[in-house]
Peer 1: 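Can you read through this structure? Questions will come right after.
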Amino acid sequence: MSAQAKKKPVVGLVMAGGGARAAYQVGVLKAIAEMLPEGCPNPFPVLSGVSAGAINAAALAIWARRFHSGVRRLHYVWRNFRVHHVYRADTLGLLGTGLHWLVALMFGGLGRRNPHALLDRAPLKELLVRHMPCEEIQASIEAGALRALSVTCSGYESGDSVIFYQGADTIAPWKRANRFGVPERITVDHLLASSAIPFLFAAVPINREYFGDGSMRHAAPISPALHLGADRVLVIGVREDSTAPRTPRPHSAGYPSLAQIAGHVLDSIFLDALSADLERLQRINRTISLIPQDTLQEGGVTLRHVQVLVIAPSQDLEQIAARYVEHLPRTLRFLFRRAGVFKRGGSNLASYLLFERPYTNALMALGYADAMVRRDEILDFLNTEGREPA
């Protein structure tokens, strides 16, 4: 057998955005960690994340030399999440933000004092500074436990999707239509920028530009992992499995509520691009499979077959959120009720902002169960035997 045939494939992990929905990813990671022997090397040399998925990916990169420990730390944080760890939801904080917006609207703007967002995300910055020593990412790379980490942000001035990556020196920057791969040391600012949901959270300045949530205009979410050297990609989504049976489309019960519209917009930002990219990749794989290898080489075609495994929720996360929306802080619950969150179709908005333990724990439990059902498939994809099931 040739050395090339013996070479173990480089596995990339892609984690989409989705606010509180990203707890599902942590449940999947917990299951994968339990499948693998304690102390085993990081199974994902290439890590790519966007929005809340970028924060999860960065945590794995920081502790890539101790994969099981990193997953346990990540699980601990999500298991104990409260809304006030992410954004101010107290009466004084929400009232201050609301009055700021009201005054700005009444006076046609306040110049440099214009409000930047509906919610104050200072608590999340404090949490990340305390728990995310991003300087350890380079140590993981130098130790050989990590090839690269990418964090995607969206530039408000340029309109470009910028993939900031930190990795091996052999990785070259890339440029596509409105997409750029830029080498840079990843910091907490990059994580905050990538997860800055428009209107809800303030944009973050990086170098010469303000950046917002990386899910915006991110047309090819799987592409960064391939540019960083992944041969195959595990994708952990935060939308219900598209192959699952669909319930009949309901009849409209009247004009959609503000919450229902906002939830639809967030779905468009966070979920649609990944689904489209997966479909595009599957079409390319099918096309390549129909063309003889010699013909591909003679024609100078650089496309290659990419094996992809998708782990997605087996249940509708909006319905899960509806069961736990009452756990939101009282003031936020009052505002959400006025916006229609408690009406049919309105809880989708809450599914992105419900950073409360009962909800995040339910999503992690679902992710864990969904992954465990596919244990053999995942281990085969990772090209490892794993540990014996308990």
Side-chain angles (χ1 to χ4, degrees), residues 2-15 40-51 53-67 69-70 128 132-155 158 160-194 204-209 211 214 218 220-235 300 302-308 382-384:
S2 66
Q4 182 68 24
K6 292 181 180 179
K7 181 183 175 183
K8 188 173 181 179
V10 176
V11 181
L13 175 63
V14 173
M15 288 190 282
C40 74
N42 169 34
F44 306 110
V46 172
L47 295 165
S48 179
V50 59
S51 195
I55 296 176
N56 287 341
L60 293 182
I62 291 168
W63 287 286
R65 289 162 290 168
R66 303 178 298 278
F67 175 69
S69 176
L128 293 179
M132 298 283 279
C134 289
E135 63 275 6
E136 293 296 318
I137 296 172
Q138 188 60 33
S140 296
I141 294 170
E142 293 173 356
L146 178 70
R147 174 174 170 80
L149 163 71
S150 75
V151 172
T152 302
C153 304
S154 183
S158 65
D160 294 327
S161 181
V162 180
I163 299 96
F164 295 104
Y165 71 88
Q166 185 172 347
D169 295 335
T170 55
I171 301 174
W174 66 90
K175 180 179 179 179
R176 298 291 185 271
N178 300 114
R179 290 186 284 127
F180 299 88
V182 178
E184 187 156 332
R185 292 289 180 103
I186 303 300
T187 67
V188 165
D189 282 344
H190 293 87
L191 305 182
L192 288 170
S194 183
V204 179
I206 298 176
N207 301 330
R208 297 167 297 177
E209 188 173 6
F211 287 90
H218 193 27
I222 300 173
S223 174
L226 303 181
H227 281 289
L228 297 176
D231 300 312
R232 55 178 62 178
V233 180
L234 173 65
V235 178
T302 58
L303 294 176
R304 56 191 171 94
H305 185 281
V306 177
Q307 187 177 352
V308 178
L382 297 177
N383 198 21
T384 183

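Just so we're clear, the structure is a prediction, and the values are computed from it rather than from any experiment.
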Peer 1: Measure the spacing between CE of M132 and CD1 of I186 and express it to the nearest 0.5 Å.
Peer 2: 11.0 Å

Peer 1: In Å and rounded to the nearest 0.5 Å, what is the CG to CD distance from N207 to E184?
Peer 2: 4.5 Å

Peer 1: Do I163 and H227 have side chains that get closer than 4.5 Å, going by heavy atoms?
Peer 2: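 No, too far: nothing below the 4.5 Å cut-off.
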
Peer 1: Can you name the closest pair of heavy atoms from N383 and P9 and give their distance?
Peer 2: ND2-CD, 3.7 Å

Peer 1: When you measure from the side chain of S194 to the backbone N and O of T152, does any donor-acceptor pair fall under 3.5 Å?
Peer 2: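 Yes.
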
Peer 1: Of the non-hydrogen atoms in P224 and S48, which two are nearest, and what is the gap between them?
Peer 2: CB-OG, 3.6 Å

Peer 1: How long is the span from the CZ atom in R185 to the NE2 atom in H190, to the nearest 0.5 Å?
Peer 2: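 Output value for this atom pair is 11.5 Å.
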
Peer 1: Can you tell me how far CG of D189 sits from CZ of F164, rounded to the nearest 0.5 angstrom?
Peer 2: 10.5 Å

Peer 1: Taking the side chain as C-beta and beyond, is there a heavy-atom pair between S161 and F211 under 4.5 Å?
Peer 2: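 No, too far: nothing below the 4.5 Å cut-off.
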
Peer 1: Considering all heavy atoms of both residues, which atom of L47 and which atom of A57 are nearest to each other, and what is their separation?
Peer 2: CD1-O, 3.6 Å

Peer 1: Is there side-chain contact between Y165 and P173, with at least one heavy-atom pair below 4.5 Å?
Peer 2: yes

Peer 1: Contact between L191 and C134 at the side-chain level, heavy atoms closer than 4.5 Å - yes or no?
Peer 2: yes

Peer 1: Could you tell me whether the side chain of D160 reaches within less than 4.5 Å of the side chain of E209, counting heavy atoms only?
Peer 2: no

Peer 1: Under the side-chain contact (heavy atoms from CB on, under 4.5 Å) criterion, do N42 and L60 qualify, and how do the steps go?
Peer 2: CA-CA 9 Å; N42 169 34; L60 293 182; 5.8 Å; no

Peer 1: Could you tell me whether the side chain of S140 and the main chain of A61 form a donor-acceptor pair under 3.5 Å?
Peer 2: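 It does hold such a pair.
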
Peer 1: If you round to the nearest 0.5 Å, how far is CD1 of I141 from CZ of R65?
Peer 2: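 The distance works out to 10.5 Å.
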
Peer 1: Excluding sequence neighbours, so at least two apart, what forms side chain to side chain contact (heavy atoms under 4.5 Å, CB included) with A148?
Peer 2: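 I171, L228.
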
Peer 1: List in chain and number order the residues that pass ring pair (Phe, Tyr, Trp, His ring centres under 6.0 Å) with F44, two or more places apart in sequence or in another chain; answer none if no residue qualifies.
Peer 2: none

Peer 1: Would you call V11 and Q307 a side-chain contact if the rule is heavy atoms closer than 4.5 Å?
Peer 2: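 V11 does not reach Q307 side chain to side chain.
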
Peer 1: Rounded to the nearest 0.5 Å, what's the gap from CD1 on I137 to CG on L146? Could you check?
Peer 2: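 That separation rounds to 8.0 Å.
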
Peer 1: Scan for salt bridge (charged side-chain N to carboxylate O under 4.0 Å, His left out) pairs involving residues 167-180, sequence neighbours excluded, and state none if there are none.
Peer 2: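 Qualifying pairs, neighbours excluded: none.
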
